[in-house]
Each structure stands twice: as structure tokens, then as C-alpha cells.
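Position 1 is the first residue of the sequence; numbering continues from there.
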Amino acid sequence: MPRSHARPRKGSRPVVREPSGGIPLERARLWELAIATALLWLLCFPALIGILQGLGLWHGERRLPAAGAALLAAGLVFGLSHRRPWNRTLPPEQRPRFVRFATWLIGLVLYPSLLMGTVLLFRSGPPPDYATTAAIGLILSTVQGIFSWLEHRKERQSAAARGTDNRD
């Protein structure tokens, strides 16, 4: 499937979109990188609060974790945006090291602590214990997994009905 090229403005580089419709981070403009940094900060800030609470180091302070989350988000966006364009269909073990590190950091370190940090930021009173929050996270992940499995199953059934069996 060919990439679509949007008509560039005078003096700007052309926008190259992936077949999925997205713009690769390494080809994004400065304002798009700023938006990506802000969105990643929205993930990093509560996740950092959750990590600090899990380590027993969070006592209600928000400025320092917010600044740390901003540095982490900016570092991730900077590191991912300054890579050469790479083939996104590669197996995970053949992807660039920083891309693998960023995926590991977000998926295994930040995402599990996101719920705990969100609960701590929006709840008044004493903080809940980590086991309760982990149980809530497990329930939410299970529901999300079931919905994803049902959607994947529905896509496979429609592909089988069309005669193209795609078992990805």
C-alpha cells in the first residue's frame, strides 16, 4: 500500500503518512512533537506518582514529579524523533534499541503504575493500598483483553466470510 503525500505548505517539508494514517514520529514537525510530548506527559505524570507511592517516596508533592515526568516525556519524544526512519514491520527483536527500550519503559514500568497514580491524584483522604489498586487494574485489563479478543474474533470471522483468512 503506497504512502500518501499531503500537499506541503510553502517552505515546509512534505507530510508522509504511514498506511495506518499516522505520521511517524521521526518525520513529525515541531508542533506535532510538542503535542506528542504533552500526551506522553499525561501518561508519565500519574505513572511517576504511582511508582513513587509504591516505593514509599511520595508524600503529596506534585511539582517535582510533574517536572520529572516532563523531562521523561521530552527525552522519550526526542530520542524517538531523532532516529532514522525504520521499518515498522520488523519483529520486535530487530527494532532499534531505543525503540525497544521506550516500549519496555512505557509498557512494563509506566503503564502498570498509571492507575495507582491516577487514584492518588484524584482521591482525597488516605491512599489506598497497592493490592487494591492492582486488583482494580487486573479487572480493567481483563475487560480490555476480552473486548480486544472479541474484536479480533469478529475480524477473523468477517475475513473468513470474504475468503481471506488473515491469522495475525
Check this for me: F78, atom CZ, are more than 12 non-hydrogen atoms of other residues, nucleotides or ligands nearer than 6.0 Å?
no
Below 4.5 Å, heavy atoms only, C-beta onward: do I136 and V119 meet side chain to side chain?
no
Do W149 and R153 come within less than 4.5 Å of each other through their side chains, counting heavy atoms only?
yes
Cluster overlap [X] with [Y], hydrophobic side-chain contacts below 4.5 Å:
| X | Y | result |
| --- | --- | --- |
| L140 | L110 | no |
| F101 | L72 | yes |
| V77 | V109 | yes |
| F122 | L114 | yes |
| L71 | L76 | no |

Do you know the tightest heavy-atom contact between P128 and M116?
O-CE, 3.5 Å
Test of understanding: with ring-ring contact (aromatic ring centres under 6.0 Å, His included), list the residues that count as partners of Y111, not counting sequence neighbours.
none
Could you state the interatomic distance from CD (Q157) to NE2 (H152), rounded to the nearest 0.5 Å?
11.0 Å
Straight-line distance of L25 CG to H82 NE2, nearest 0.5 Å
10.0 Å
Let me check something: any side-chain donor-acceptor pairs from residues 35-64 under 3.5 Å, sequence neighbours excluded? List them with distances.
from : atom 1 : to   : atom 2 : distance (Å)
T37  : OG1    : L33  : O      : 2.8
W41  : NE1    : A66  : O      : 3.0
W58  : NE1    : E61  : O      : 2.7
E61  : OE2    : R63  : N      : 3.3
R62  : NH2    : L121 : O      : 3.1

